[in-house]
Amino acid sequence: MKKPIIAIAGLTACSGCQLTLLNCEEELPEIAQRFIIDYFPLGLTERLITGPIDVAIVEGAVSTPSDLEILMKLRNSSHSLVALGTCALWGGIAAMKNQESRKDLAETVYGSAADGLKTFNPQPLHRFVKIDFAITGCPPETGELLATLAALLRGTFPVFPHYPVCSECRSRENLCLLIERNEMCLGPLIQAGCNARCPAVGIGCEGCRGPVTEANVAAETELLLKKGFPMDEIVSRMQRFYPEWDYEQRS
Amino acid sequence: MSSVLEISPLTRVEGHGRIEVHFAGTKVETVSLSLYESPRFFEALLKGKSYAEVPEIICRVCSLCSTVHRICSLHAIERAMDIQVSEQVRLYRELILYGGHIQSHALHLFCLVLPDCFNVAGLAGLADKAPQELQRWLRIKSAGNLIQETVGGRTIHPVTLIPGGMGKPVAREGLLKLKEALQRVLPETHQAYELFRPFLPNGDKLATPRYLSVRPEGASPFLGDNLTMGNGETIPADSYMNLLCERMSGTGNAKTILVKNQPATVGALARLNLGMPLTPMAAAAFEESRMLLTDADIRANNLAQAVELILTVERSLDIIEILLKADFTREEPARIVPKKGRGSTAVEAPRGLLIHSYSFDGRGICRGADIITPTVINQAAMERDLLALATHMEGADDEALTDALERLVRAYDPCISCAVHVLKI
Amino acid sequence: MRNSRDMTIVPLPATIIGRKALSADTTLYRLALESSEEDGFDFNPGQFVQLSVPSGGEVPISLAGPPRHQNSFELCIRRVGHVTDMLYQLLPPNRVGIRGPFGNGFPFSEWAGRNILLIAGGLGIAPLRSLLYALLMQRGEFGEITFMYGAREPSAILFKEELAELSGRKDMHLFVTVDFTKEESPGGLTCNTGLLPTLLRGVNFSTTDTVAAVCGPPALYKCLLEELQDLGIPAAHIYLSLERRMKCGVGLCCHCAVGDLFCCSDGPVFRYSQLKGISGAI
Amino acid sequence: MARNLLKRDSISFFLEILATFGKLHGPILTDDGVLAFRPLGSGNDLLLEYSRTLVPPKKYLLPPRDAVLFFAPDEWYHQLAAAVPETILVGLHPCDLQGIAYLDKVFLGDRIDPLYRARRTALTLIGLSCEPDENCFCGDLSATETHGCDLFMHQSPGGFNLKDNTPKGTAILDRLTPILAEGKSLPAVSRTCDMAAAIQLASVRSETHGESALWDEFAERCLSCGACSLCCPTCYCFDIREYGALDGESTVRLREWDNCLFKDHGEVAGGFNFRKSRQERFQYRYRHKYLGFGPTRGIASCVGCGRCRAVCPVGIDLLELFKERQDEKQP
Ligand SMILES: Cc1cc2nc3c(=O)[nH]c(=O)nc-3n(C[C@H](O)[C@H](O)[C@H](O)COP(=O)(O)OP(=O)(O)OC[C@H]3O[C@@H](n4cnc5c(N)ncnc54)[C@H](O)[C@@H]3O)c2cc1C
Ligand code: SF4
Ligand code: SF4
Ligand code: SF4
């Protein structure tokens, strides 16, 4: 079998998605054997993106000219490009206040020195380049990452199911935090695949995996309002990982 | 004739960084270190958020230290709101803190630094050259991850820890499994320490660092209310501002910090030098390498981290024992009535001193946040050492210089994602 | 021990023994079952198999060749997604998995003595090709046989050579049409331009005592069925093969219901009269 | 008079004896506060009075996510021949027994699913009478309480009257005799519930409520969370997916619970969807639950356990459709 040549890079992010790969301790040696890792600054001393690359796996949102440059380079030298994680796919945590002025945010942190910063609103990769596949999650699940790598060995991408966190939550027989404890759980709106990690330990889903294919945003919002949460709290919570919810959407 | 050697991007470190060495002829003129990670303005993101959201957001600053950020932020919030947590919660938080250190140190030592020891470029090289060792060392890392997963519900950005308490405690079987995994890797942590012992530089010594850390209280080496320095000086953590002064660094997006106008060094090496309490095996290892570690320059930090691996695995086992005996059942988190106030706390992160400071309004909405990360504190010392090393090496070829400078940066174990978040003081 | 009613969960291995591109995205596969125990299978035109591509998954595919009892059979497959993409990577003598045949198929033995009109749109030609060969094998038993086939454009016409050959036969009528043309008609094949319903109105064939079998995309059914009835073919004599999402092929997974019928086990071939009252069926 | 009365203070003996037949499972309250079927013992206490578990016992026969096939180049597709351990499921309410009986009809009917059969054969069912709460509507369904169960425990003032229904049950009862007291056999409970009658009637008449305005209302509110189907004792739709392993060759094929309210349930290649709107999907669900498809045509599968009403975050209740009908009839 021909070894796929891969590149792994991070843009504006916390490195958690790349760390997810390094957290596959058991599989790492096998991965190192089955793939040619061409570019991976976090784990490999190689500073140049030379290509041709079969698959570039990119973490993080795009928020600086240098991010964009790396992304373009990877896109141009790769056959396929995979968005790894919520930031790359949805914008993620750094994008939560994209509706506010970037300049003001910068000044809050850097004061007058903010002027010198070359940065713009963090955007998901697909705003700039075509993405061929995405693995969601903040951080992504090792299982999904490994399934993707395994599929790459076969020249394809895996098929993940499209249902909300609640589905996995119910099959795990968790207590429903939304119904039984009136907590603001975003499970009904969020793409499953994490096996409902958070509700399983008694914590409401914070929405780290982004919207599920079919999300009844309006109905969930109405439900939360009925439970007494103020709209601004709902919005603040929902925008944590994805700033662009349509609160009228029902399908 | 002037020329520049650019090392960009820095590899096998977290985040985006670059070094430029400027030469006049063969003489080194300046060395600049720039951390050009894109700023995510975390302090600004937190503003206007309810206290309950703060830990969940802030842990995303960095994946390598998400646990300690979360804990530090919980402590600061609870300080601001005047909340005490139960013994059970304290123990679980301490345990997961150790998990975070194991995970982070193991990642640094075995994924980022180890290729240097075997003269290979990265993991694939290691898998080729030392497959068995690699597997063995990675087991230590997975034991750290198992703590995160079992206690925190996830290996990165743990979810169970919330203001005033926690979600579900770990079931007995979970604790027993953890215990088994940790017991299995304890001997291996000692072997890892042996592995890193010979890899200390024996050439020119760099400046002796000015160490800075939390002054441990009780048995936990990473928690305390005061900061301590090499000269014995101690100040309360919440007046950290009197100690640290900030300067905007030249090129990158991070700011650098001076302590009493001088670069300070934080991290495992600082902690060992400042007398943190050790467990038996860790103490023996430290004793054996005392000469190598005492007042050593930062390049001994890798060995210091290896000693801490032993320490944290042992401490974790102690805590698990306590938890097993106590047989806690699930409890409701402390009820929090939001109030206006400010809370500042410090915790020892894997890379060193971490400070979170928040102010809240009467509704518990965050009105100001200040986060000082170890990499920011270390940056000034890093620049100083880079210049010194480059100067020592004048005349060396580019490849050797690049290699040496990168190794030096790696010894600091910088976390650049964290470093670019710092608020004006 | 396997009970005869046991649902086959495990696909039998079949070797790809031939592969022929029919158009840019459609290929004809010839497969041979390996197991001697089964010794080939009988099937009815209109039945389908569940085809497994290891690591890809399983998809329903119509049997496209003549229903002769033998160890090898033909599938005509369009590359549209995950499993079919992976199938396209395989070459003879790679192996795939087969379960089946499933479904009812066309009840053509009941059509003896009648005139028969077959209408295929696009990939719908797959089961109808099988049916046509079955009819021709027993040619004497039926009345007039008319085969109409519509493709999007000349390059999308499947089985060109076969069609050219069939067009020379005196014992059946063949009409081929394309939605639009940019190029010349393909060699040896006379081809009309326009949609199938237009073709239907434009050509001569017997409409009395006629049975129609139709297979194509949903859009085709929408415009064709009324037309056929207008021509005097009763709904009970119009047979169509439906496509639905399927996972098991044997009436368990519940994805393919049409009204209270299962497409996989009650179908995929239905009389139009069965479907008429069912909303969403067509 | 027969020796069939299990006194309450003999319950632990009873369980001990049962345990010799296989691994005991029954309803417990988890540390989460959820009613669930779990292994008994080691701190899990059997509940003999409970409303309903969140997830029905179907999980023993059709696990939520089940590896059904493995593939390796030299072994082709194969099932792992792992033996299914004998499991004694204690404390099943009549509605759950009814649910299993329905699944038996589907999976052991025209086409036998060998995986299901292996698990079903290894399962011993011990029923338990119950008291309905506000979500239940089983009505007459509970009259067939003993359906498919091996042994039934009927709550009575003195304890539980046991009744064996199968040779398996008789074998167990024989072993239990030493700890049983004399009791009289109780008549089957008769329970009336308007809803049950209305449902039966709808099934018989193939009532689709096609004109009802409730469909739109349901479709607006439904979160597509999937709880209603996941928690339904007779919902068994499944999806099949296959994932390769990192060795580049071997593969596992998974069977997982699916849900007809999910958007891609009716979608085929190219994105064409036969049930694009949620409204259509609700009607599909209704049809499957109350009118049946294919071999189950005309058989209502709803057993009246009330789970779907209890677990829906937005309070959707298909029974409103039947109520609407009843209201119409009353002038
Ligand atoms: C009775 C029947 C006969 C068919 N005969 C043929 C044929 O002869 N030639 C041919 O090329 N195609 C045929 N199809 C369609 C074929 O099954 C789909 O094109 C195929 O499933 C697409 O799978 P994919 O993984 O490549 O596409 P994707 O779009 O990636 O499909 C993903 C998954 O969705 C499901 N799915 C998608 N489309 C369908 C579908 N149409 N039917 C059922 N499940 C689906 C499958 O389970 C598949 O695994 C037939 C379908 C049916 C129902
Ligand atoms: S706890 Fe959250 S994820 Fe789980 S079922 Fe309830 S709403 Fe859904
Ligand atoms: S439950 Fe929600 S927040 Fe938790 S991991 Fe899953 S998607 Fe993320
Ligand atoms: S439980 Fe309610 S909200 Fe969830 S899918 Fe069913 S009807 Fe919709």
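In what follows, chains carry the letters A, B, and so on, assigned in the order in which the sequence lines appear, proteins first and then strands, with residues in each chain numbered from 1. Values below: all heavy atoms of this structure, side chains included; hydrogens, waters and symmetry mates excluded.
Residue A/A61: no heavy atom, backbone or side chain, is found under 4.5 Å from chain B. Proximity to chain B (any heavy atom under 4.5 Å) is restricted, for A/E26, to the backbone atoms N, CA, C and O. When heavy atoms are compared at a cutoff of 4.5 Å, A/P139 approaches chain B by way of both its backbone and its side chain. Within the 4.5 angstrom heavy-atom criterion, only side-chain atoms of A/F241, from C-beta onward, approach chain B. The contact between A/E46 and chain B is made entirely by backbone atoms, counting heavy-atom distances below 4.5 Å. Neither the backbone nor the side chain of B/L126 comes within contact range of chain A; no heavy atoms are under 4.5 Å apart. Only the side chain of B/L112 comes within less than 4.5 Å of a heavy atom in chain A; its backbone stays farther off. For a residue to count as touching a neighbouring chain, one of its non-hydrogen atoms must lie under 4.5 Å from one of that chain's; by this rule A/Y39 touches chain B with the side chain only. A/T142 does not touch chain B: none of its heavy atoms, backbone or side chain, sits under 4.5 Å away. Neither the backbone nor the side chain of A/I31 comes within less than 4.5 Å of any heavy atom of chain B. Neither the backbone nor the side chain of A/Q33 comes within contact range of chain B, judged by heavy atoms closer than 4.5 Å. A/D67 touches chain B through its side chain: at least one heavy atom from C-beta onward sits under 4.5 Å away, while N, CA, C and O do not.
A salt bridge between B/E332 and A/R181 is present, with a side-chain N of the basic residue lying under 4.0 Å from a carboxylate O of the acidic one. A salt bridge between B/E6 and B/R18 is present, with a side-chain N of the basic residue lying under 4.0 Å from a carboxylate O of the acidic one.
Under the 3.5 Å distance criterion, with hydrogens and angles disregarded, no donor-acceptor pair is assigned to the side chains of A/E168 and A/N195. Of the N and O atoms on the side chains of B/E20 and B/S34, not one donor lies less than 3.5 Å from an acceptor on the other residue.
Your options are A/G10, A/G43, A/C138, and the one with the most heavy-atom pairs under 4.5 Å with chain B is A/C138. Ranking B/L123, B/L134, B/I57, B/L64 against chain A, the residue ahead of the rest is B/I57, based on heavy-atom pairs under 4.5 Å. Options A/S236, A/G202, A/A94 differ in how many heavy-atom pairs under 4.5 Å they form with chain B, and the most are formed by A/S236. Counting heavy-atom pairs under 4.5 Å between each of B/V170, B/D403, B/I7 and chain A puts B/I7 at the top. Interface summary for chain B: among A/G92, A/A95, A/A32, the most heavy-atom pairs under 4.5 angstrom belong to A/A32. Among the candidates A/G16, A/S15, A/P29, the residue making the largest number of heavy-atom pairs closer than 4.5 Å to chain B is A/S15.
Between the A/K97 side chain and the B/F41 main chain, no donor and acceptor come within less than 3.5 Å of each other.
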